[in-house]
Amino acid sequence: MKDIRNFINGEYLTNVSGKTFEKRTPIDNSLVGLVHEAGRTEVDAAVAAARAALHGPWGSMSVNARVQLLDAVADEINRRFKDFLDAEVADTGKPHHLASHVDIPRGAANFKIFADTIKNASTESFRMATPDGATALSYAVRVPRGVIAVVCPWNLPLLLMTWKVGPALACGNTVVVKPSEETPSTATLLGEVMNTVGMPKGVYNVVHGFGPDSAGAFLTGHPGINGITFTGETRTGTAIMKAGAEGIRPVSLELGGKNAAVVFADCDFDVAVNTVTRSVFENCGQVCLGTERVYVERPIFEKFVNALKAKAEGMRPGRPDDPDTKIGPLVSKEHLAKVLSYFQKAKDEGANIVTGGGVPAMPDDLKDGCWVQPTIWTGLPETASVVREEIFGPCCHIQPFDTEEEAVRMANDTIYGLATSIYTSDLARANRLAVQIEVGLCWINSWFLRDLRTAFGGAKQSGIGREGGVHSLEFYTELRNVMIKY
Ligand code: NAD
C-alpha cells in the first residue's frame, strides 16, 4: 500500500493534521494507498516554496537552461515509463494499451513541446519617430506570471496535468498542483522526477485533497497565487472563477462538454463507425472531447445504429493488463452512481435502449469494481436529460436528421461548445459546418487527432482561453512593453 504525501519544496512531507483519505482502485476496489490531505498549513507552505523559488536559481535561469531541464523531465518520465504506467492504471483502471499509448507518452511529450515553443517564441518590436524629432524603439518581453495554481481532473491525470505544468514551467513560472483526489499518484511520482533531474526546489509542488473546504479551495483562494489554470466540470469552473476574482487573478478554464458527432450518408461508413466507437467509448467515455450525442442522416440511420451496437457489444471489460480488455471501469463508485443514475433517467424518459443500460456480469475478483456497460439510446426528444447533460460515461444517444440545417441546429442546441466531429466525403460541406458548429475543436472524418502546436479549448460554457503551442504563452506569461528613446 502506498503512502501518498504532499510534495513541497522538493520533499515528501506528512501533514500536520495527520488527516489521510483512502485511494481505492476502480478495478476491484482494493486499496491503492493512503493520501495525506493538505490543510491550509501545507497549502501555505507549498505557495511559499513556489514564491521563494521564483527568486532563487530558477528565476535567473536562462531559457536554454530551463529548456534542458524540461527535456530531462520528459526523458526521465520515459525512462520510468513502467512506474508511471502502473501508477496511472492503479488509480484509473484504464487498459494498459490506452495508458501506454496516450497518457504516459503524451504526459512526457508535453514537456518537450513547450520547451520547443518557448525556445522559438518571438515578440513584437516597433520603431517610431517622436514628436520632438528623435527616434524611439519599443519592444516586448515575456515575463512569467509567478506562482500558478494547477487544478486537475481524474480522467487523463498525467496528460492533463503536464499540459499545464509543461508550459507554466517553460515560461519560467512555478507551480502548485492539486491533482484530483481520485488520481493522486502520477503527480506525486513526478516529484521524484523533478528531484532526479535537478529541478530547483519549490518549482514544482503538489498538494492533495478535495475541492470545497479542502486543498482545492485553499489553493485557488490563496492570495499568493498569481493565476489559476483548471480543467474539470463547468460548475467547478464557476467556483474557481469566483476564487480568481478576489485579487484579480487570471483563470484558464478547460471545462465540460456535450459533444456532437454529425454523420452524413455520404461518409466513409467504416471510418465513421470506427471513429465514433472510439469517441463514445474510449477511456470508458471519460474523455472531455468524447461524443455523447450522435446525429446520423436518415438514409443510414438504422445501419449506423446496428453497426455501433455491434461495436459496443464487442467491448470486453477486464483487467488492465489483459490484452483482450477493450474497456476499463469508471473511475470511482461515486462516478458509477452518477452514470447509473443517468441510465435510469434515460429509461424513465422513455429511451429505446439499443444496448447496455446497466452493469456487466463480472468475475468474482472484479465484482467490486466500477464496471458499466457501453450503452446506446435512441428515440428520445432533444429535451431529454441524457441528451442535454454531460454524463461522462460510455454512452450516447443517436438521433436521425434530414437536412444539414437541422443537424447544425441540434448540434448547437447546448450550453457547451467543446468539440465536434463531422463525417462526410463532401469537403465543402465539412468546411461549412466547421464554421457553423459552435465549438473550440472541430474534427472532420477523425477524432482526438492533435497537433500540440494548435489551440485547444472550449467555446460557450466549455471554457475560457486557449492552451497549446504559442497560445499557452498568453496565459502563462505577461507581455511587458519596453520603450527606449534615443
Ligand atoms: P471536477 O470539477 O469535479 O474536479 C476537478 C478538480 O477540481 C479536482 O481536483 C477537484 O478536487 C477540484 N475541485 C472541485 N471543487 C473545487 C473547488 N470548489 N475549488 C477548487 N478546486 C475544486 O472534475 P472531474 O470530475 O475531476 O473531471 C471531469 C470533468 O472534467 C468533466 O466535466 C469533463 O468534461 C471535464 N474535463 C474537461 C477537459 C477539457 O479540456 N475541457 C478535459 C478533461 C476533463
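We count ligands from 1, going down the list as the structure has it; atoms in each ligand are counted the same way.
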Short N-O contact, [X] and [Y], less than 4.0 angstrom:
{"X": "Lys333", "Y": "Glu182", "result": "no"}
{"X": "Asp86", "Y": "Lys82", "result": "yes"}
{"X": "Asp321", "Y": "Arg319", "result": "no"}

Quiz question: by atom type and distance under 3.5 Å, do the side chains of [X] and [Y] form a donor-acceptor pair?
{"X": "Glu349", "Y": "Ser385", "result": "yes"}
{"X": "Thr188", "Y": "Lys2", "result": "no"}
{"X": "Tyr416", "Y": "Glu390", "result": "no"}
{"X": "Glu467", "Y": "Thr229", "result": "yes"}
{"X": "Asn29", "Y": "Lys367", "result": "no"}

Nearest-contact summary for [atom] - protein heavy atom, Å:
{"atom": "atom 24 (P) of ligand 1", "value": "Trp154 NE1, 3.3 Å"}
{"atom": "atom 31 (C) of ligand 1", "value": "Glu390 OE1, 3.4 Å"}
{"atom": "atom 27 (O) of ligand 1", "value": "Pro153 CB, 3.4 Å"}
{"atom": "atom 10 (C) of ligand 1", "value": "Glu181 OE1, 3.5 Å"}
{"atom": "atom 39 (C) of ligand 1", "value": "Cys288 SG, 3.4 Å"}
{"atom": "atom 12 (C) of ligand 1", "value": "Val151 CG1, 3.7 Å"}
{"atom": "atom 6 (C) of ligand 1", "value": "Cys152 O, 3.2 Å"}
{"atom": "atom 2 (O) of ligand 1", "value": "Thr236 OG1, 2.6 Å"}

Proximity of [X] to ligand 1 by residue part, where a heavy atom lies under 4.0 Å:
{"X": "Ala243", "answer": "neither"}
{"X": "Ile240", "answer": "side chain"}
{"X": "His335", "answer": "neither"}
{"X": "Thr234", "answer": "neither"}
{"X": "Phe230", "answer": "side chain"}
{"X": "Arg235", "answer": "neither"}
{"X": "Leu255", "answer": "backbone"}
{"X": "Leu418", "answer": "side chain"}

Ligand 1 contact by [X], heavy-atom criterion under 4.0 angstrom:
{"X": "Gly463", "value": "no"}
{"X": "Pro179", "value": "yes"}
{"X": "Gly458", "value": "no"}

Establish whether atom 21 (N) of ligand 1 and some protein heavy atom are separated by less than 4.0 angstrom.
->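 Protein heavy atoms within 4.0 Å of atom 21 (N) of ligand 1 - there is at least one.
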Nearest neighbour of [atom] from the list [options], on a heavy-atom basis:
{"atom": "atom 18 (N) of ligand 1", "options": "Ala239, Ser462, Gly256", "value": "Ala239"}
{"atom": "atom 13 (N) of ligand 1", "options": "Gly211, Gly221, Gly257", "value": "Gly211"}
{"atom": "atom 30 (O) of ligand 1", "options": "Gly216, Gly232, Pro157", "value": "Gly232"}

Donor-acceptor pair, side chain of [X] and main chain of [Y], under 3.5 angstrom:
{"X": "Asn110", "Y": "Leu159", "answer": "yes"}
{"X": "Asp28", "Y": "Asp368", "answer": "no"}
{"X": "Trp58", "Y": "Gly172", "answer": "yes"}
{"X": "Asn259", "Y": "Cys288", "answer": "yes"}

Parallel, tilted or perpendicular, as decided by the 30° and 60° cut-offs, for the rings of Phe210 and Phe21 |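 Phe21 vs Phe210 ring planes: tilted.
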Within a strict 4.5 Å, meaning less than it, do heavy atoms of the Asn445 and Thr275 side chains meet?
->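 Counting from C-beta outward, Asn445 and Thr275 never come under 4.5 Å.
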Sole candidate of Arg388, Arg293, Lys258, Lys460 that passes salt bridge (Lys or Arg N to Asp or Glu O under 4.0 Å) when paired with Asp413 |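 Going through Arg388, Arg293, Lys258, Lys460 one by one, the salt bridge (Lys or Arg N to Asp or Glu O under 4.0 Å) with Asp413 is satisfied by Arg388 alone.
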For ligand 1, which atoms sit closer than 4.0 Å to a heavy atom of [X]?
{"X": "Phe210", "value": "11 (O)"}
{"X": "Asn155", "value": "43 (C), 44 (C)"}
{"X": "Lys178", "value": "8 (C), 9 (O), 10 (C), 11 (O)"}

